[in-house]
2 protein chains.
Amino acid sequence: MKANTEEKKWNLQQNRRDSKLQAAKDKGLAKRVPSDRTIELLETVLTPEDKVCIEGNNQKQADFLSECLSQCNNDVLNNLHILQSVLALPSHIDIFEKGIASKVDFSFSGPQALRLAKLVQQQKIQIGSIHTYLELYGRYFIDLIPNVCLITAHSADADGNLYTGPNTEDTPAIVEATAFKSGIVIAQVNELVDSVPRVDIPADWVDFFIVAPRPNYIEPLFTRDPAQITEVQILMAMMVIKGIYAPYQIKRLNHGIGFNTAAIELLLPTYGAELNLKGKICTNWALNPHPTMIPAIESGFVDSIHSFGSEVGMDEYIQNRPDVFFTGKDGSMRSNRAFSQTAGLYACDLFIGSTLQIDLQGNSSTATVDRIAGFGGAPNMGSDPHGRRHSSYAYLKAGQEAADGRVVKGRKLVVQMVETYREHMDSVFVEELDAWQLQEKMGSDFPPIMIYGDDVTHIVTEEGIANLLLCRTPEEREQAIRGVAGYTPVGMQRDHEKVKELRQRGIIQRPEDIGVDASKATRDLLAAKSVKDLVKWSNGTYAPPSRFRNW
Amino acid sequence: MKANTEEKKWNLQQNRRDSKLQAAKDKGLAKRVPSDRTIELLETVLTPEDKVCIEGNNQKQADFLSECLSQCNNDVLNNLHILQSVLALPSHIDIFEKGIASKVDFSFSGPQALRLAKLVQQQKIQIGSIHTYLELYGRYFIDLIPNVCLITAHSADADGNLYTGPNTEDTPAIVEATAFKSGIVIAQVNELVDSVPRVDIPADWVDFFIVAPRPNYIEPLFTRDPAQITEVQILMAMMVIKGIYAPYQIKRLNHGIGFNTAAIELLLPTYGAELNLKGKICTNWALNPHPTMIPAIESGFVDSIHSFGSEVGMDEYIQNRPDVFFTGKDGSMRSNRAFSQTAGLYACDLFIGSTLQIDLQGNSSTATVDRIAGFGGAPNMGSDPHGRRHSSYAYLKAGQEAADGRVVKGRKLVVQMVETYREHMDSVFVEELDAWQLQEKMGSDFPPIMIYGDDVTHIVTEEGIANLLLCRTPEEREQAIRGVAGYTPVGMQRDHEKVKELRQRGIIQRPEDIGVDASKATRDLLAAKSVKDLVKWSNGTYAPPSRFRNW
């Protein structure tokens with residue numbers, strides 16, 4: 001029966017791991033490694049072609065470990081395959097420029113998008129694929145299993161139990177994939193303590209830890225200064241609240257990053273309360289702790305927020321609001337990007353975000369021709385999850401609007417909120433996305449579309465709301481989009497008769513159609529007009545980073 | 001600016017938790033609770049209307065805690081809202097019959113589907129929603145946050161560090177949602193040990209643990225006896241391997257449960273090897289450790305398997321194959337249902353499963369009129385993830401086949417593999433799913449469809465393969481389905497001319513069209529013909545449960 005008589009080894013990965021750990025031991029490297037021996041440690045326990053996961057997302061960074069890796073000898077370490085949520089720091093790119101690594105699979109590269117594009121041109125880097133966060137984590141358990149991970153935590157005890165503090169983020173996903181498939185887990189920590197405030201990662205999942213010479217870098221990515229919110233953004237926010245959140249009774253949601261959604265957040269305690277929507281909309285969130293949420297929280301709009309990560313300056317405020325945020329017994333937040341992305345995908349009824357370009361099918365993209373930016377989490381939140389089976393008022397109503405015959409399933413609401421013109425008077429609405437040019441340049445299988453037209457349900461501009469669920473043909477869809485595209489070339493080419501008909505059918509709604517008084521769209525409507533106002537709302541517990549303080 | 005001057009408390013949940021813990025302390029209940037005081041503990045730390053998550057899925061069960069809960073005094077505890085992956089045990093239903101709980105949100109109720117349907121008729125239970133596993137976990141962080149969870153682990157140390165053993169399953173997701181939102185975590189364990197083999201759940205996430213009077217129940221759900229595999233199933237398995245896995249180069253995949261997919265697994269080392277497919281297909285899996293995978297693993301077909309849970313009898317085999325399975329430093333498997341479902345959704349190129357009914361749009365369902373069974377994980381795996389952004393050969397090819405114009409995205413392959421007639425000569429192919437009647441009976445928003453027709457890419461029967469990706473109209477789709485529906489009434493009503501055309505276009509493929517010789521579809525082709533053969537393949541390390549031993 002059994003043809004294969006050749007003796008096969010089944011624990012090669014464990015043996016490899018054991019011999020690497022032995023090599024470190026032989027050099028006198030114990031579990032706690034002095035920071036000045038970090039490069040030596042990396043050169044000892046990594047080998048060429050290893051898959052190495054560097055913790056680095058849009059917030060916290062294992063920056064010391066990444067810098068040490070970039071300083072390794074490329075005769076010893078080369079052709080590594082880097083796995084990483086976000087390519088954010090110069091050292092992340094240095095690793096490739098120096099030939100230490102040659103391949104990358106990642107999700108987002110915002111700050112390093114230009115340098116990354118150059119490296120691709122110079123053929124110094126091979127991009128495996130660009131992912132959403134959640135699909136990258138998924139692959140960590142299937143075909144991108146890390147051999148080594150370089151993570152970061154706030155503190156460690158002598159045994160190596162790790163406390164991440166509020167920025168738990170990607171750490172549990174990365175460590176689990178590595179520690180349980182014969183990989184090696186290396187952590188940088190800010191400090192060594194007698195006893196960690198809580199155990200975020202158990203010591204026996206960790207092989208080495210290093211007290212880094214400086215605290216790990218954290219980016220305050222989700223802070224938007226209310227002072228910069230414009231009246232056009234306030235008008236659009238009013239339309240979203242009255243024209244979408246109220247009729248669909250949106251309770252469970254995620255907001256993308258940016259001033260548009262910050263305007264919505266700051267209008268909840270004023271315009272939202274005026275419309276008597278407290279407790280009826282925006283109660284349960286998958287969201288980073290946006291400072292612009294403070295007035296809505298303080299006004300009692302919010303029941304719960306589960307977060308992907310924390311936000312600089314928000315820690316004390318969060319600690320004082322445990323009924324709202326997820327916190328540990330130590331009092332500080334526990335975030336978790338994998339679970340929050342799962343919640344954003346499957347448990348939220350609405351995602352709203354912004355974009356740089358929208359085409360006539362409703363496909364949208366933030367790609368520009370010279371930058372390889374990637375996706376992050378938006379495509380995951382901004383997609384209709386066909387695997388969802390539970391209903392809700394919003395999900396059912398949207399499903400009914402979309403159905404031609406009997407209603408088989410609901411629909412997630414995916415809203416794009418854009419001004420028709422963005423900076424430099426570039427039209428957001430285009431006949432063809434730049435993504436197609438970028439696809440050709442990158443030689444990738446698909447254009448880097450952020451959200452597919454099939455998934456978008458509403459487009460909101462200063463001109464009105466287009467409800468794409470109600471469109472019955474591609475032609476109607478095109479005219480619905482043109483009909484809110486304002487004075488852009490795409491908007492000017494609308495079929496006026498058809499747009500009129502779409503408006504009569506409620507597919508296009510102007511502010512006045514939903515009773516939004518544009519003359520009231522002033523900054524007076526914002527619950528907070530400045531970062532200082534946010535601090536006041538928080539009773540002084542929100543501590544904005546210095547770059548946001550001008551008082 | 002700040003209108004709301006009323007003093008609001010922000011730590012009510014923590015206070016509630018603290019007072020419950022104090023009440024337990026006042027009764028002399030320490031962290032380790034004697035098993036004969038479990039009911040007292042539950043009556044002390046639970047309160048009416050609490051959301052209580054009972055760990056119980058299709059494998060391991062916190063059965064002792066569930067029984068104790070069912071024995072609580074319903075004057076003290078009533079109207080609980082139970083959250084649970086699977087309603088599997090009599091005690092799960094007893095809790096509702098006795099009025100201790102009145103509402104449930106869950107994923108699957110296979111074994112208790114009939115009793116559940118009766119309870120609904122008697123209005124003794126209110127069903128919140130029926131979910132997939134992953135969306136239920138998502139809601140644990142949004143609007144179904146547990147106040148208390150009752151979980152199970154293999155062992156605990158004196159501090160309450162928990163070792164789950166190979167059946168980690170849902171535990172990390174449940175505990176994280178509870179422990180970090182001021183909830184109470186109660187664990188039953190099989191034994192108290194001086195030191196746990198590894199820490200699966202850190203002690204400081206756990207409030208109470210109880211050494212149960214007997215080990216927790218585990219169901220051997222994924223064991224299929226090769227002796228029961230039929231030649232029709234072998235023929236279909238040959239078609240799947242040669243007609244789908246080979247041309248699409250399916251490397252990353254998930255198999256549903258059942259004899260059809262077991263036949264595929266047992267054909268890999270024989271038919272698959274004959275076709276020279278080793279290393280080219282079926283290398284990376286999101287899968288429970290099916291015993292019928294042993295011959296494929298031993299033959300070197302498989303690179304890695306990440307598992308939702310373990311399988312009874314497979315522990316020693318897994319322990320000896322760490323290059324394939326995810327294991328901890330203690331040697332035993334670490335499973336994780338949340339991550340494996342994520343991987344199944346986003347990192348796999350194909351899902352293949354079976355069903356009880358398929359309609360002419362390709363919608364499929366396992367619902368029958370008197371059973372409320374639910375979904376489990378199939379809709380999550382068996383759906384096209386619109387949030388996916390990375391490509392692969394299979395994903396691109398399927399996307400190209402489906403595209404009318406330019407290719408914007410790929411497609412996940414979702415295959416239904418069914419014999420045209422199932423037991424009692426019921427036709428699998430129907431004009432209308434029973435799900436519609438069940439929807440009416442349950443008063444739910446949608447019919448309980450397992451996999452939507454829009455997501456299905458291929459239907460495989462003994463008559464052939466229908467490739468729905470290539471269909472361009474609903475009419476073609478209907479004829480493609482009729483064209484493989486055999487001698488069922490649905491099949492007999494095919495338009496013979498149209499079916500002929502679809503076959504010429506390769507939309508319908510008969511066995512002979514893809515070079516599958518039906519005369520070779522005999523049991524001789526199975527790499528193992530019995531459970532005993534599987535034990536032999538495993539060199540005696542697979543220890544099947546006694547019900548599967550007949551030697």
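Residue numbering restarts at 1 for every chain, and letters A, B, ... go by the order of the sequence lines.
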Checked I201(B), I305(B), T327(B), I297(B) vs chain A; the most non-hydrogen pairs under 4.5 Å come from T327(B)

Can a donor-acceptor pair be found between the side chains of H386(A) and D384(B) at a distance below 3.5 Å?
no

In terms of heavy-atom pairs under 4.5 Å with chain A, the winner among S182(B), S129(B), G382(B), S107(B) is S129(B)

Grab the two heavy atoms, one from A343(B) and one from G138(A), that are nearest each other, plus how far apart they are.
CB-O, 3.5 Å

Are the side chain of K181(A) and the backbone of D323(B) linked by a donor-acceptor contact shorter than 3.5 Å?
yes

So for A273(A), is it side chain, backbone, both, or neither that comes closer than 4.5 Å to the heavy atoms of chain B?
neither

Looking only at N11(A), V407(A), L134(A), V408(A), most heavy-atom pairs under 4.5 Å shared with chain B are made by V408(A)

Check whether any side-chain N or O of N284(A) sits under 3.5 Å from a backbone N or O of D143(B) as a donor-acceptor pair, and report yes or no.
no

Most contact-rich option vs chain B, by heavy-atom pairs under 4.5 angstrom, among N363(A), D303(A), T132(A), L12(A), is L12(A)

What part of F375(B) is in contact with chain A, defined as an atom under 4.5 angstrom from a non-hydrogen atom: side chain, backbone, both or neither?
side chain

Flag, side chain of N380(A) to backbone of G387(B), donor-acceptor distance under 3.5 Å:
no

Would a distance-only check, ignoring hydrogens and angles, find a side-chain to backbone donor-acceptor pair under 3.5 Å from R389(B) to G374(A)?
no

So do the side chains of Y140(A) and T342(B) get within less than 4.5 Å of each other, counting heavy atoms only?
no

Output the option from H131(B), M333(B), R17(B), R252(B) having the highest count of non-hydrogen pairs under 4.5 Å with chain A.
R252(B)

Do the non-hydrogen side-chain atoms of Y346(A) and R139(B) ever get within less than 4.5 Å of each other?
no

With a 4.5 angstrom heavy-atom cut-off, which part of L144(A) approaches chain B: side chain, backbone, both or neither?
neither

Under 4.5 Å from a heavy atom of chain A, the part of L345(B) involved
side chain

Of the backbone (N, CA, C, O) and the side chain (C-beta and beyond), which part of P322(A) lies under 4.5 Å from a heavy atom of chain B, both, or neither?
both

Below 4.5 Å, heavy-atom pairs only: which of V199(B), I451(B), D105(B) has the largest tally toward chain A?
V199(B)

Proximal component of I130(A), with respect to chain B [non-hydrogen, under 4.5 Å]
backbone

Select, from M381(A), Q13(A), Q14(A), R406(A), the one with the greatest count of heavy-atom pairs under 4.5 Å involving chain B.
R406(A)

Answer whether the closest heavy-atom distance between the side chains of V324(B) and W10(A) falls below 4.5 Å.
yes

Name the region of A338(B), side chain, backbone, both or neither, that has any atom closer than 4.5 Å to a heavy atom of chain A.
side chain

What is the distance from atom CZ of F141(A) to atom CZ of F326(B), rounded to the nearest 0.5 Å?
6.5 Å

Side-chain heavy atoms of R334(B) within contact of W205(A), under 4.5 Å:
yes

Checking D445(A) against Y395(B): is there a side-chain donor and acceptor pair closer than 3.5 Å?
no

Looking at F446(B), I'd like to know if the NZ or CZ of R388(A) sits under 6.0 Å from its six-membered ring centre while staying within 45 degrees of the ring's axis.
no

With only heavy atoms counted, which part of S335(B) is less than 4.5 Å from chain A, the side chain, the backbone, both or neither?
backbone

Among P269(A), A173(A), P295(A), A203(A), the residue with the most heavy-atom pairs under 4.5 Å to chain B is A173(A)

Between I449(A) and K409(B), does a side chain to side chain contact (heavy atoms under 4.5 Å, CB included) hold up when you go through it step by step?
CA-CA 9 Å; I449(A) 288 173; K409(B) 64 181 283 295; over 6 Å; no

So which part of A435(B) gets closer than 4.5 Å to some heavy atom of chain A, the side chain, the backbone, both or neither?
neither

Checking heavy atoms, do the side chain of L136(B), its backbone, both or neither come under 4.5 Å from chain A?
neither

Using heavy-atom distances under 4.5 Å, tell me whether K251(B) contacts chain A through its side chain, its backbone, both, or neither.
neither

Side-chain contact, heavy-atom cut-off 4.5 Å: F180(B) with R198(A)?
yes

So, does E135(B) use its side chain to make a donor-acceptor pair with the main chain of H390(A) at under 3.5 Å?
yes

Give a yes or no answer on whether the side chain of S304(A) reaches the backbone of I142(B) with a donor-acceptor pair at less than 3.5 Å.
yes

Passes salt bridge (charged side-chain N to carboxylate O under 4.0 Å, His left out), D18(A) versus K329(B)? Steps please.
CA-CA 11 Å; D18(A) 289 347; K329(B) 286 167 205 169; over 6 Å; no

With chain B, which of S383(A), A179(A), A286(A) has the greatest number of heavy-atom pairs at distances under 4.5 Å?
S383(A)

